[in-house]
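Contents: one structure, followed by commentary.
Proteins get letters first, then strands, A, B, ... in listed order; numbering begins at 1 in each.
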Amino acid sequence: MTAFLIRRLGFAVITLFAVLTLVFVLVRIVPGDPAQVILGDQASREAIEALRERLGLNLPLYHQYVVFVWGALGGDWGTSMMTGRPVIQEVLNVLPWTLELTFLSLVIGVVIGVPLGVAAAVRRNRFTDYAARIGSLLGLSFPPFVSALLLLLAFSIGLHWFPVISAKSGSLSAWVESITLPAINLGLITAAYITRVTRSAMLEVLQEDYVRTARAKGVPWSVVVWRHALRNALIPVITIIGLYLGILIGNSVLTEIVFSRPGLGKLIVGALNQRDYTMLQGMMVIYTLVVVLVNLATDIAYGIADPRVKFK
Amino acid sequence: MKRHMILGLAVAAGLSAGFGLDPAHAQKKSLVIGMGSADAGKLDPHLASTTPDKGLLNYIFNGLVRVKPGQASPDFIEPDLAESWTTNANGTEWTFKIRSGVQCHHGYGPFSAEDAAYSIKRASNKATSSYSGDFAAVDKVEAVDASTLKITLKNPVAGFLGYVANINGGNMVCKKAAEEMGENFGKKPVGTGPFQFAEYQPQQFVKLTANKQYFRGAPVLEDITYRYIPADSSRDLAFQSGELDMIYGKQDQTWVDRTSKLPGVKVKAMEPGELSALYLNITSKPLDDIRVRQAIAHAIDRKAIVQFKGAGSSREAVSVVPSGYLGTDEKSPLYAYDVNKAKALLAEAGYPNGVTVKTIHTTLTGMQTFIEAVQAQLKKANINLEIELVEHATFHAQIRKGLSPIVHYQAARFPVADVYLTQFYDSASNIGTPTAITNFTFCNVADSEIRAARVETDAAKQKALWKSAQEKLVTNVCGIPVYEQLQLWAWKDNLDLGYELNGSLNLSPPVTEKTKFTK
């Protein structure tokens with residue numbers, strides 16, 4: 001297990017380094033000039049050149065790269081070119097918002113998706129199955145910003161249950177008010193994924209010999225389904241959750257924008273629009289780190305779900 | 001088990017519904033504004049270049065002079081931090097009498113001529129200001145005594161007072177605070193205005209509180225929350241639900257129509273109009289042939305564009321300078337809409353079967369719908385406009401590299417003809433040169449008039465020079481002005497701004513010490 005972890009972490013470092021380099025090059029290939037964005041469209045060429053000089057954008061590319069990597073190795077991600085605030089601070093400011101949204105929508109996704117998937121598999125080709133399949137298909141095809149607007153229209157404008165600006169904090173009730181709709185919005189989409197994967201995994205397992213044996217032995221049906229079959233169907237579900245967590249962080253940007261919540265997604269889109277090189281570099285490394293860590297956690301979760309999995 | 005889960009969900013939903021979920025209604029002394037951007041940028045008045053940042057800073061800072069709240073024309077310039085001013089005969093020496101008893105925010109002490117001198121030097125410095133170019137003519141700035149500021153110019157400057165008004169580089173900062181904070185000044189801006197900076201929450205809001213010591217009197221409002229809500233629809237919904245008292249509108253007529261129908265709401269299309277014009281690179285083929293340029297000008301139907309954009313929020317362009325500016329020639333005719341003439345001109349130029357021209361264009365919605373409408377109009381005259389759509393920052397970079405023979409630009413500037421003419425038509429502003437700003441046309445036909453008008457001290461002669469410059473630019477089809485987009489805002493009708501709103505130079509309605517809720 002330890003050797004496995006060390007090896008995986010080693011790979012993680014290599015991945016991070018590759019992403020770091022790729023991002024450094026990519027942001028500079030894309031047309032657009034941060035100095036122009038900062039100074040606005042009335043600035044003269046001279047003023048822009050002066051700012052480029054100050055931001056170090058006139059240095060040769062290899063020089064900028066060395067400065068960037070050296071800083072990054074020392075834990076210094078630089079300061080945002082636009083706001084002048086440290087990248088780390090900008091990220092930490094909004095990270096909790098993204099984490100709570102991601103985590104809660106995942107919980108909602110699992111709580112709805114797994115039972116629904118099991119129910120659909122058990123009642124295959126009956127009403128429950130059709131309903132679950134149609135429902136999850138809808139969930140997958142609905143763009144998150146449309147469902148977000150519909151939720152706002154129904155629950156904020158129509159029923160006045162929740163605020164439109166879902167970014168309150170301070171008290172538990174304010175937090176619940178703010179997180180509910182965004183978490184439901186993302187959670188339903190997550191649930192759609194999980195339902196479909198759980199259903200197909202369960203269908204396969206339910207046809208195994210040991211399920212028939214268990215039933216023949218007189219084990220109650222619910223115990224067969226929930227304890228024996230589901231446990232064995234969980235591996236693909238965990239995989240999809242792991243993979244989806246990465247996507248979820250990215251997907252959250254639309255939810256953040258419509259619900260007016262702070263978040264990493266908004267930060268990275270803003271940085272991209274403004275060509276905030278330092279910010280983009282720092283954020284991409286953080287995203288990569290998250291994806292790598294989630295994958296690692298997924299691998300470990302396999303072992304917990306299925307004791308036969310060995311860490312080699 | 002499944003039943004338990006469903007039950008749990010139901011309980012959770014019920015619990016959340018049980019908390020005080022009435023939308024937060026703004027209190028009568030708290031104003032909540034919804035702005036169309038994702039976050040605050042640089043809150044340093046000498047660096048801020050975006051509408052959202054400028055609008056907010058306007059509540060915090062004063063100029064030496066100001067444009068009367070609610071107006072957007074230099075005709076309405078009135079005293080601000082300077083009580084009075086005098087100038088010598090040729091306008092190269094300006095002496096301002098600074099108001100006494102003005103206090104800087106957060107206990108930074110009284111505002112004096114020393115602070116004013118520091119501010120102008122700061123705004124003139126390339127390292128600390130985006131607007132250093134505006135102060136290129138400034139030779140010397142000195143605080144003669146605590147209440148006297150003297151500015152000496154190398155040459156007269158058209159509409160000089162505009163540069164020391166409460167916008168851009170004219171905003172007055174407090175010296176002690178600016179020196180103490182250095183580059184961090186934008187994180188906690190210190191000015192003298194009716195509201196002072198209190199709090200910033202990333203991607204959420206900036207909060208300002210009333211400056212009780214404000215020299216025009218303590219504001220009626222206690223605080224302003226300036227919320228960043230980039231999605232137009234979310235801003236609209238939050239306004240509808242009562243969470244916002246005033247919003248920046250989607251710049252689109254359908255928004256005006258829809259929002260005007262809401263109960264208890266005022267919608268305003270205010271000055272200044274941003275001029276939407278096509279700039280033709282006269283050195284590129286086939287635009288180097290004036291007949292092709294004339295054909296394009298004749299093929300554009302300004303009236304139809306205004307109908308398309310909405311009569312309540314836009315109007316036809318009158319000149320290469322937006323209407324209402326000091327020196328705009330509103331009388332001389334532009335090219336009339338005439339498809340047959342356009343075709344004839346093309347044939348004469350050797351393109352009887354039509355011609356293809358290219359533009360690199362931004363994906364900003366309002367601008368994109370315009371260029372597509374123009375494309376459809378040009379097609380009728382056998383002019384095929386190829387549109388290459390790119391994202392906004394890419395657009396700005398590529399047009400400045402001369403990659404787009406036709407550039408569609410939409411902008412408002414300080415309302416003196418010189419500013420627009422200099423930035424868009426003086427050959428010194430040609431893209432690619434060290435002094436480049438936004439001359440995409442490479443036209444130099446009006447250089448002598450533009451430059452002479454800049455230093456002309458006789459108002460009538462100056463106006464004549466500007467008129468002649470505009471006529472030449474129109475005749476030579478360097479730019480094709482098409483329409484002007486007004487600024488759209490909405491607010492609750494229980495909010496009394498405290499002045500009549502016709503316009504605002506920074507494109508956002510001012511909030512003053514008199515702004516209040518009536519109920």
Side-chain angles (χ1 to χ4, degrees), chain A residues 30-33 36-47 49-51 54 82-85 90 93-94 97 111-112 115 118-119 145 149 152-153 156-157 160-165 167-168 172-174 176-177 180 222 226 256-263 266-267 269-270 273-275, chain B residues 1-2 5 8-9 13 15-17 19-24 38-42 47 49-50 126-127 130-133 183-184 186-187 201-204 227-231 233-234 237-238 240-241 243-244 390-394 396-398 400 411 413 423 429 432-438:
Chain A
V30 177
D33 180 0
Q36 176 85 55
V37 178
I38 293 171
L39 292 178
D41 66 343
Q42 299 187 54
S44 71
R45 194 70 231 158
E46 284 163 332
E49 281 305 318
L51 181 60
R54 272 214 313 288
M82 295 301 140
T83 64
R85 283 183 284 269
E90 294 270 22
N93 277 341
V94 298
W97 295 86
V111 166
I112 298 178
V118 171
F145 59 92
L149 281 175
L152 282 179
L153 271 175
S156 301
I157 300 295
H160 296 292
W161 286 2
F162 302 99
V164 175
I165 302 170
K168 283 195 195 156
L172 180 67
S173 67
V176 171
E177 262 184 54
T180 308
S222 65
W226 294 102
E256 285 163 9
I257 289 174
V258 178
F259 289 103
S260 313
R261 283 174 63 85
K266 252 160 102 176
L267 200 60
V269 170
N273 283 337
Q274 300 177 314
R275 302 293 189 272
Chain B
M1 176 150 181
K2 190 170 63 181
M5 278 176 175
L9 269 180
L15 267 179
S16 59
F19 288 107
L21 295 174
D22 217 23
D39 203 354
K42 293 215 152 132
L47 290 173
S49 61
T50 64
K126 262 195 302 215
S130 298
Y131 300 98
S132 55
E183 283 196 358
N184 290 328
K187 291 172 196 161
Q201 285 295 336
Q203 297 185 1
Q204 291 192 68
R227 281 199 167 273
Y228 297 101
I229 305 182
S233 37
S234 307
L237 289 178
Q240 212 176 320
S241 75
E243 290 163 67
L244 299 173
V390 293
E391 160 284 341
H392 199 62
T394 304
H396 273 293
Q398 296 196 331
R400 281 171 176 75
R413 294 288 177 255
Q423 293 190 4
S429 308
T433 62
T435 49
I437 309 180
T438 44

Notebook entry, point to check: Do you know which two heavy atoms are closest between B:A127 and A:R54, and how far apart they sit?
Noted result: O-NH2, 3.2 Å
Check: Which residues pass the ring pair (Phe, Tyr, Trp, His ring centres under 6.0 Å) test with B:Y131, sequence neighbours left out?
Finding: none
Note to self: Are the side chains of B:S234 and A:S260 in contact, using a 4.5 Å heavy-atom criterion?
What the structure shows: yes
Next item on the list: Not counting sequence neighbours, which residues clear salt bridge (charged side-chain N to carboxylate O under 4.0 Å, His left out) with B:R227? List them please.
Entry: none
Next item on the list: Give the member of B:K187, B:H396, B:Q398, B:Q240 that has the highest number of heavy-atom pairs under 4.5 Å with chain A.
Entry: B:K187
Check: Considering only heavy atoms, which portion of B:T394 lies under 4.5 Å from any heavy atom of chain A: side chain, backbone, both, or neither?
Finding: both
Check: What closest approach, in Å, do A:A167 and B:Q204 show between heavy atoms, and which atom pair accounts for it?
Finding: O-OE1, 3.0 Å
Check: How far apart are the C-alpha atoms of B:L244 and A:I165, what are their side-chain angles, what is the distance that settles it, and do they pass the side-chain contact (heavy atoms from CB on, under 4.5 Å) test?
Finding: CA-CA 9 Å; B:L244 299 173; A:I165 302 170; 3.9 Å; yes
Next item on the list: Tell me, out of A:P262, A:G32, A:S222, who's got the most heavy-atom pairs with chain B below 4.5 Å.
Entry: A:P262
Notebook entry, point to check: Among B:I437, B:L237, B:T438, which residue forms the greatest number of heavy-atom pairs with chain A at distances under 4.5 Å?
Noted result: B:L237
Check: Any idea which heavy atoms bring A:V94 and B:P202 closest together, and the distance?
Finding: CG1-CB, 4.4 Å
Notebook entry, point to check: Minimum heavy-atom separation for B:A38 to A:K266, with atom names?
Noted result: O-CE, 4.2 Å
Note to self: Less than 4.5 Å to any heavy atom of chain B: does that hold for the side chain of A:I157, its backbone, both, or neither?
What the structure shows: side chain
Check: About how many Å separate CG of A:D41 and OG of B:S130, when rounded to the nearest 0.5 Å?
Finding: 11.0 Å
Margin query: Let me confirm one number: the NZ-CG distance from B:K126 to A:L51, rounded to the nearest 0.5 Å.
Written below: 11.5 Å
Margin query: Counting heavy-atom pairs under 4.5 Å with chain B, which one of A:R261, A:R275, A:M82 comes out on top?
Written below: A:R275
Checklist line | B:T50 versus chain A, the contacting section by heavy-atom distance below 4.5 Å | finding: neither
Next item on the list: Return the option, out of A:L152, A:L149, A:D33, with the maximum number of heavy-atom pairs under 4.5 Å with chain B.
Entry: A:L149
Next item on the list: Measure across B:S241 and A:V164 and return the closest heavy-atom pair with its distance rounded to 0.1 Å.
Entry: OG-CG2, 3.6 Å
Checklist line | Pick from A:G40, A:G270, A:G263 with the largest number of heavy-atom pairs that fall under 4.5 Å of chain B | finding: A:G263
Notebook entry, point to check: Stepwise, does the side-chain contact (heavy atoms from CB on, under 4.5 Å) test hold for A:I38 with B:L47?
Noted result: CA-CA 8 Å; A:I38 293 171; B:L47 290 173; 5.7 Å; no
Notebook entry, point to check: Any side-chain heavy atom of A:L267 within less than 4.5 Å of one from B:Q203?
Noted result: yes
